[in-house]
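Written below as structure tokens is the structure these notes are about.
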Amino acid sequence: MLRVENLTKIFRTGFLGKGEEIIAVNEVSFLLRKGEILSLIGESGSGKTTVARLILKLLRPTSGHIYYKDTDIWDIPSKTYWRKIQAIFQDPYASFNSFYKVDRILKNVFKLFPDKISEEEKDRKIYEVLERIGLDPKEVLGKHPFELSGGQMQRLLLARCLIIDPEVIIADEPTSMIDASMRVILLNILKELSNKAGKSIIFITHDISQAFYVSDRVLVMYRGRIVESDSVEHILFSPQHPYTKRLISDVPKLHEKFKFTLT
Amino acid sequence: MSLVLEARHIEGGYNLGAGFLKAVDNCDLYAYEGEIVGVAGESGCGKSTLAKLIMGFTKPPLKLVGGKSIVDGIDIYGLSWKERRSLWGKVVTMIPQASMNALNPTKRIRDIIFDVVKEKFPIPPSKSEVLDMAKKRFEEIGLDPVALSMYPIELSGGMKQRAVIAVSTLLNPSFLIADEPTSALDVSTQKLLLELLYTLVRKKIVKTLIFISHDIVTLRQICDKMCIMYAGEILEISDTEAIMNRPLHPYTKGLMESVISLSPSIRKTTLKGIPGAPPNLLNPPSGCRFHPRCPYAMPVCRKKEPSLREVEEGRFVACWLHLR
Amino acid sequence: MAEKIVNAGRLIVRYKKLLIGVIMLSAMVIFCVPGMILYPVDPRAIIFRDLQPPSSTNPLGTDVFGRDVLAQLIHGTYNSFRIGILAGLIATLIGIAIGATAGYFGGIVDDILNLVTNTFLVIPTLALLIVIASYIRIRSELMMILIIGATSWPWTARAIRAQVYSLKAREFVDLAKISGLPRHEIIIFEILPNMLSYIVMCFTLQMAGAILSEAGLSAIGLGPTALITLGMILRWTIVWEAPRIGTWWWFVPPGLIITLIAVSFLLINSGLDEIYNPRLRRMR
Ligand SMILES: Nc1ncnc2c1ncn2[C@@H]1O[C@H](COP(=O)(O)OP(=O)(O)O)[C@@H](O)[C@H]1O
Ligand SMILES: Nc1ncnc2c1ncn2[C@@H]1O[C@H](COP(=O)(O)OP(=O)(O)O)[C@@H](O)[C@H]1O
Ligand code: SF4
Ligand SMILES: [Mg+2]
Ligand SMILES: [Mg+2]
């Protein structure tokens, strides 16, 4: 579906870009196959969101290419591309414009389609998608974002993606700001989208256990580079890179306590 | 061991235009010296409100409507607002939710500390004394004192959270409440912070810690005792190990079943989570507040509210399954 | 009931600055707008004896030409307000356009617009106004408005730029982009509504500034010759050396009104700031 080749993004700050350089993404390459969930794991600041924004055409790479079905994404008209690639972001509270009711974010997406769509048709589509995702339209529509819980907002944003019905969904830490009890529900929806609807998903997280729960393959990112990429089983049983080992050992476990020694 | 916190029948909430939102209903919480007590529950269940009520931070629209809170022998609600204010920071301190992002971005860390100290003492100690205290505390919690002369944006998330803890514990309060201190951090930083909170208590820098989080896996790492809240009420309190080995309340079970464990088989399993959403506190359900989401709900659950009872030694639960 | 009164009291205490500002400003508006109808004396008519102290026919006396000072004051306040509102509006609009463009597009667009803004910012506005106003010979009200509006936008642009810059990093902007919304719609319908409060604050300050600029310019003789404004009244008192000849009823009231207007706008601004700025509101 997507092929990322030697992707590099350098941010320059200061007047006319003469300031400091931050290499946010450094020579990253990977493949996303049809129907798979690929996880991108790394601590904060490791460049995960930058990769997501590059794939979404929200940023231009400093060098390297991204191909969607063998065409460079910058050669595809944006609206066409965004009908195929969609996203859900980390912070549900910042994803909604608090000035408007939540319906607006769902209705806005119809602008991606060239044909004129009647209001009834839009409403029908919105209802259908909300129900598919386990949200009661009566409970969420017509509300302002601050009247909803984080879990409800993230599911609404996933519903937004499903209205567009893209082939690829990029989920940038969608669970990090919602409760654990809602987290698995959201992850289950992602799993189902890939298993049943054949969507390809890039799942970004800092929590390796969530990555293991949903994904088939895992990419470990550290300081802008991909330091390890393998199947879940391999990574769990024989992590190669010291950073991957640390990620695994730092995950808190339900039936064990961390052993801290007093110094 | 002495009791550091004795909160009895705490009841309170927010005066809103639409009515009184009772965010905390009849909660009892005790904590002894040397103890770390975890408070868990989904967002909106009243954890932060409980913390504020314990400290006496009843700033409108928040209001206490019943119960009392005794911290280190001091009856908080026997004091005026002004007297309470003078206790905050010295006897009891809260690290508020998201406080690491509330540091004034235009001030250096040491100036933020000077401000805090200035507010707490009628005759503030000299700046060099304060700076010495701060340096010592920074070293104790593993933060380079160089950070004192930095601005908040120059610090990483983990360092900021440490700086917040250093600032809050500078005046050696006996009782510390940390409200979701780990929730915005990645796992590695989280682990370091847990270690820090653990050592604060074990090294007796603070006598008692209340640690609030919506994530029971994090809580269980350092808490001696855990308290599970739902819709403003406490549903279960016990030793951490007891709860982890055998949760009694269906809600606690649900929380534990939402935890994604790190094992190869996890990918094949489908965790259930807790379907449904917490109730609207302006109009909570009748009977047991969890009944609309409870897989074990019985007819009695809809009608009568179960109260928190000791059902086994040291195990307090509010659920009809365990109350006969 | 008692609770309601207590709550109302609390609100008043909390928003006291805003409230005092609004009351003062309303008083000024009431003074000039219904005033023109209730006190229908022609401010230009030379029909009284000159330099009369306050009396029952001329509540604030007369000026050196024998015109009624109260009538002049009423019309002057009205005209000053009009100049303030229009010039403030122009400055705010230019500021928004330049600030939002710079903040949203960033990069080289930002660098260039920043340079322009900073240049305008370091040139002392009054000096610039004097130069422009003395070159342009047509002294009409419109000219005055345009000159003030076109020179006082830079700091609004600065403030708006910073706000847009931080808002555009919010996720809802990215979502709007990948929903295919065009850029101008994103700026106008997604970003700007989120800073409405901020824009209102900028506008109040701009109005205060514009009224003061008008007074300053007119007082040194660059004002609209055919119009009565607070600045023009001051101008005449200066030309005829009113303070020296002790005609306090002529020069004190316009100065007082200008001060009151400026103070009321500043109070409104800082009152709004307290409401909208969480840092000032936090944990008191
Ligand atoms: N717009 C930007 N301008 C400058 N630096 C940026 C920008 N976006 C991200 N960065 C920097 O790039 C690095 C990677 O950030 P990010 O991709 O957000 O990481 P992650 O999502 O893994 O936390 C960080 O050091 C961050 O400060
Ligand atoms: N300042 C406030 N005004 C009105 N309602 C509030 C306020 N703060 C919290 N609430 C409400 O009180 C309830 C409990 O909130 P909170 O104590 O913050 O929960 P938690 O910390 O467990 O997430 C929620 O329903 C919330 O909407
Ligand atoms: S009281 Fe009933 S509804 Fe409530 S938790 Fe127990 S079994 Fe479930
Ligand atoms: Mg990120
Ligand atoms: Mg909270």
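Residue numbering restarts at 1 for every chain, and letters A, B, ... go by the order of the sequence lines.
Under the salt bridge (charged side-chain N to carboxylate O under 4.0 Å, His left out) test applied with Glu167(A), the options Lys199(A), Arg83(A), Lys69(A), Lys34(A) reduce to a single match, Lys69(A).
Residue-level contacts of residues 196-203 of chain C with chain A, in order of numbering, are Leu196(C); threshold 4.5 Å between heavy atoms. Using a 4.5 Å heavy-atom cut-off against chain A, no residue of residues 78-96 of chain C qualifies as contacting.
The pair Lys48(A)-Asp172(A) does not count as a salt bridge, with every side-chain nitrogen at least 4.0 angstrom from each carboxylate oxygen. Salt bridge Asp70(A)/Arg3(A): present, at least one basic N to carboxylate O contact under 4.0 Å. Salt-bridge annotation for Lys101(A) and Glu147(A): absent, with no side-chain N of the basic residue lying under 4.0 Å from a carboxylate O of the acidic one. Between Glu185(C) and Lys177(C) there is no salt bridge, since none of the side-chain N atoms of the basic residue sits less than 4.0 Å from a carboxylate O of the acidic one. Between Lys107(A) and Asp123(A) a salt bridge is recorded (basic side-chain N to carboxylate O distance below 4.0 Å). Ion pairing between Glu128(A) and Arg124(A) holds under the 4.0 Å rule for side-chain N and carboxylate O.
If you measure heavy-atom distances from Ser78(A) to chain C, you find no contacts under 4.5 Å at all. Using a 4.5 Å cut-off between heavy atoms, Leu157(A) touches chain C through its side chain atoms alone.
A cation-pi arrangement is absent between Lys84(A) and Tyr68(A) under the rule of less than 6.0 angstrom and at most 45 degrees off the ring axis.
Side-chain contact check for Glu36(A) and Ser194(A): no donor-acceptor pair (N or O, by modelled atom type) lies under 3.5 Å. Judged purely by distance below 3.5 Å, without hydrogens or angles, the side chains of Thr101(C) and Arg161(C) never pair a donor atom with an acceptor atom. Using modelled atom types and a 3.5 Å distance limit, the side chains of Asn26(A) and Arg223(A) yield no donor-acceptor pair.
Most heavy-atom pairs under 4.5 Å with chain C: of the set Phe96(A), Phe99(A), Phe110(A), this distinction falls to Phe99(A). If you tally non-hydrogen atom pairs under 4.5 Å between each of Asn194(C), Asp110(C), Leu181(C), Leu175(C) and chain A, the highest count goes to Leu175(C).
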